[in-house]
Amino acid sequence: MKDPNPSTEPIGQHLIKVISNLCFSVFVFSVLIITVIAITYKPPDPWLESTPALTKFFTASENATFKNDESVVKTGEDLVSVLPPTLPPARGDQITEAVIEKSEEVIANSTPKLNCDEFRAVNCSDPRILIAVERFNLKAFKSIAFLEYQTPVNGSKEFECDVSWRFRNKKEKSWRRYRDFRRFKFDIGEDCHYKVVHAGGWHSGINARRPRSTNNYRTRGGGSGRVAPPVRDEEINDTIPTLGSETNFRKGKYLYYSRGGDYCKGMNQYLWSFLCGLGEAMYLNRTFVMDLSVCLAGSYNPSNKDEEGKDFRFYFDFEHLKEVASIVEEGEFVRDWKKWDRGHKRKIPVRKVVSHRVTPMQLKKDKNAIIWRQFDAPEPENYWYRVCEGQAAKYVQRPWHAVWKSKRLMNIVTEISGRMDWDFDAVHVVRGEKAQNKELWPHLDSDTSPDAILEKLKGMIQPWRNLYIATNEPFYNYFDKLRSHFKVHLLDDYKELWGNTSEWYNETTLLNNGRPVEFDGYMRVAVDTEVFYRGKTRVETFFNLTKDCKDGINTC
């Protein structure tokens with residue numbers, strides 16, 4: 001008997017084939033789309049993002065893409081939410097009202113009571129003088145954490161005392177300490193207690209200033225600079241660590257990156273790549289061989305030319321880096337390597353790695369004393385950060401907590417803020433090339449004109465407040481119209497802080513083997529930005545002054 005419906009089976013098989021082919025085509029097309037997106041996608045520039053975006057970026061496993069940028073890079077102390085919990089707390093116990101009251105009780109039980117009728121002059125060594133200063137400072141400087149005081153000394157008159165203390169700004173996330181010393185005038189109150197009737201300005205208490213010592217500490221080249229007078233912050237120890245004996249050298253395990261295509265790129269790419277190398281060294285449990293030489297990209301210089309021969313320590317805190325990471329300076333490492341390898345029967349074992357495609361995971365169990373990554377391929381294959389891409393990003397964590405801004409630059413920031421008694425507002429005014437580019441920023445030039453800024457600030461900042469203007473506007477008198485309403489401060493008002501008689505000048509000259517160091521464009525931006533962050537009211541260009549987008553039209 002014949003099948004009454006002979007075409008049923010062939011039709012069903014054909015339908016299954018059609019559906020299968022259709023599903024496969026959709027799959028192939030989806031893979032193609034994802035591949036195109038992966039190739040062409042460019043993640044946002046982290047240095048132009050907000051703090052939450054930075055945190056997300058720094059903890060994500062994404063490839064890096066960089067734009068030319070004149071802004072200052074974010075460093076470890078800016079990103080407290082991604083710092084490891086093992087970092088030390090602020091050095092020194094913070095002096096609070098409770099601490100003062102406890103000290104006051106001890107003093108009351110051990111010190112004779114003042115005789116108000118016989119009060120003729122102030123005894124600066126009386127512990128009640130210090131109590132009065134501590135209480136005054138707590139009320140006067142709300143943004144400051146006071147850590148320790150020195151015993152007050154006599155001022156220039158009988159009712160004056162000079163007092164020195166260490167502190168940190170509460171807006172700075174690091175535990176670094178700074179020093180101030182001021183002159184105070186005292187009277188005695190109705191309750192027979194000392195009270196401050198006048199406080200001098202920043203660094204006015206010169207008798208309490210610690211004597212400046214000379215210290216011809218070792219410079220990068222191994223010699224000592226000839227500078228007069230050699231003044232330095234004694235809390236900064238950025239001398240180069242030594243390797244010690246041949247035995248210690250041979251026992252060590254090292255990761256050595258030769259110079260790659262990142263050299264002379266923007267500071268954002270430099271730091272992204274440097275922390276990739278340092279992170280790999282930590283992952284491999286090796287000492288990182290570090291080149292202290294930095295090439296500053298032309299985007300930070302008025303000449304628009306790259307500048308080689310800069311020192312890492314001009315921009316970043318080398319002392320802190322030494323404390324949290326195992327590092328050795330490249331020049332010293334190479335000299336010792338050659339010295340102890342030359343003519344020796346037992347050569348120091350070295351593995352050369354010529355491709356970034358050799359992953360850190362493949363090197364994890366390598367027993368050679370030195371792993372030497374070489375970056376001789378053409379760009380972008382010779383970028384250090386390529387080592388940390390792909391699967392490696394899941395294993396190698398960039399140690400952002402290891403890099404802080406230079407303490408010397410932060411000393412300038414502290415000095416500027418202190419001279420305004422930590423009581424100022426700030427506005428960030430972006431001009432320069434962006435203001436001239438009407439296609440990408442059509443309103444920026446007019447929105448940042450003096451008249452427009454003044455009208456905007458009138459509704460945001462009280463008259464005659466200290467107003468710090470962080471800006472890339474080259475003309476000093478551009479903001480003169482604002483001076484009729486505010487006490488205007490610009491970075492160039494403080495040129496003496498990096499001039500040839502300054503502490504910064506002397507210390508950086510010593511680091512540079514006796515050659516003066518230029519206070520370059522990147523340093524200016526770093527100091528400008530940090531002072532801006534310390535303002536009580538902060539006015540941003542792209543959030544407050546103009547509706548233009550930070551990265552150009554249609555990018556908000």
Side-chain angles (χ1 to χ4, degrees), residues 43-49 51 53-54 57-58 63-79 174 238 257 259-279 288 290-318 320-321 375 379-380 382-386 388 398-410 412-413 428 430 432-434 470 472 491 498 508 511-512 517-533 550-551:
D45 187 348
W47 320 114
L48 297 176
E49 297 296 309
T51 299
L54 280 162
F57 184 91
F58 290 151
N63 295 347
T65 301
F66 297 94
K67 303 174 183 177
N68 290 329
D69 185 18
E70 297 176 5
S71 63
V72 65
V73 300
K74 295 285 184 180
T75 50
E77 69 268 49
D78 301 317
L79 305 166
S174 76
D238 50 13
Y257 276 38
R259 188 173 291 174
D262 309 276
Y263 198 66
C264 293
K265 294 295 189 292
M267 194 66 84
N268 50 4
Q269 181 169 340
Y270 166 79
L271 202 59
W272 186 250
S273 289
F274 169 73
L275 288 175
C276 169
L278 187 62
F288 188 64
M290 178 180 176
D291 182 6
L292 285 178
S293 177
V294 173
C295 177
L296 190 68
S299 58
Y300 300 111
N301 300 310
S303 63
N304 209 32
K305 294 181 180 179
D306 298 337
E307 289 189 36
E308 298 189 52
K310 299 284 187 173
D311 194 302
F312 178 91
R313 295 169 291 180
F314 296 166
Y315 307 101
F316 304 105
D317 190 329
F318 190 59
H320 174 67
L321 179 61
F375 296 86
E379 295 186 25
N382 61 352
Y383 292 159
W384 284 11
Y385 69 76
R386 301 299 301 273
C388 298
R398 283 178 171 84
W400 291 100
H401 65 277
V403 178
W404 288 358
K405 296 178 183 67
S406 161
K407 174 72 165 15
R408 294 186 177 89
L409 291 179
M410 296 305 291
I412 294 177
V413 171
H428 184 208
V430 175
E433 293 182 3
K434 288 187 176 182
N472 61 346
L491 182 60
W498 59 86
T508 54
L511 279 181
N512 205 34
V517 176
E518 176 194 6
F519 194 75
D520 59 47
Y522 184 80
M523 296 172 185
R524 292 181 65 90
V525 175
V527 172
D528 234 7
T529 303
E530 288 297 324
V531 176
F532 170 78
Y533 286 157
K550 182 182 293 186
D551 295 327

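Here the straight-line distance linking atom OH of Tyr522 with atom CE of Met267 works out to 5.0 Å at 0.5 Å rounding. Atom CE of Met290 sits about 8.5 Å away from atom CG of Leu278, to the nearest 0.5 Å. Note that the CG atom of Asn472 and the CG atom of Leu491 stand 12.0 Å from one another [nearest 0.5 Å].
Looking at residues two or more places apart in sequence or on another chain, you find a side-chain contact (heavy atoms from CB on, under 4.5 Å) between Ala470 and His428, Tyr468, Asp528, Phe532. Asp262 meets the side-chain hydrogen bond (donor to acceptor under 3.5 Å, both in side chains) test with Gln269, Ser273; sequence neighbours excluded. The side-chain hydrogen bond (donor to acceptor under 3.5 Å, both in side chains) check on Asp520 picks up Lys310, Tyr315, with sequence neighbours excluded. Every residue was checked against the side-chain hydrogen bond (donor to acceptor under 3.5 Å, both in side chains) condition with Glu518, not counting sequence neighbours, and none meets it. In this structure Phe519 satisfies the ring-ring contact (aromatic ring centres under 6.0 Å, His included) test together with Trp498, Trp504, sequence neighbours excluded. Take Cys264 and apply the side-chain contact (heavy atoms from CB on, under 4.5 Å) test, not counting sequence neighbours, and it matches Cys295, Asp306, Glu308.
Listed here is the closest heavy atom pair of Lys265 and Ala297: O-CB, 3.6 Å.
The ring-ring contact (aromatic ring centres under 6.0 Å, His included) test with Phe274 is passed by exactly one of Phe312, Trp384, Trp400, Tyr385: Phe312. Applying the side chain to side chain contact (heavy atoms under 4.5 Å, CB included) test between Phe318 and each of Asp238, Leu511, Asp311, Val403 identifies Asp238 as the sole match.
Residues Phe314 and Val517 are in side-chain contact: their nearest non-hydrogen atoms beyond the backbone lie under 4.5 Å apart. Counting only heavy atoms from C-beta outward, the side chains of Tyr263 and Ser293 approach each other to under 4.5 Å. You'll find the side chain of Ser406 stays beyond 4.5 Å of the side chain of Arg313, heavy atoms only. Counting heavy atoms from C-beta outward, Leu321 and Phe316 have side chains that stay 4.5 Å or more apart. Val527 has its side chain within reach of Val531: a pair of non-hydrogen atoms, C-beta onward, lies under 4.5 Å apart.
Not a single donor-acceptor pair under 3.5 Å links the side chain of Arg408 to the backbone N or O of Thr508. In this structure a side-chain-to-backbone donor-acceptor pair under 3.5 Å is missing from Lys305 to Asn301.
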Legend entry - From CA spacing to verdict: side chain to side chain contact (heavy atoms under 4.5 Å, CB included), Trp272, Arg398: CA-CA 8 Å; Trp272 186 250; Arg398 283 178 171 84; 3.2 Å; yes
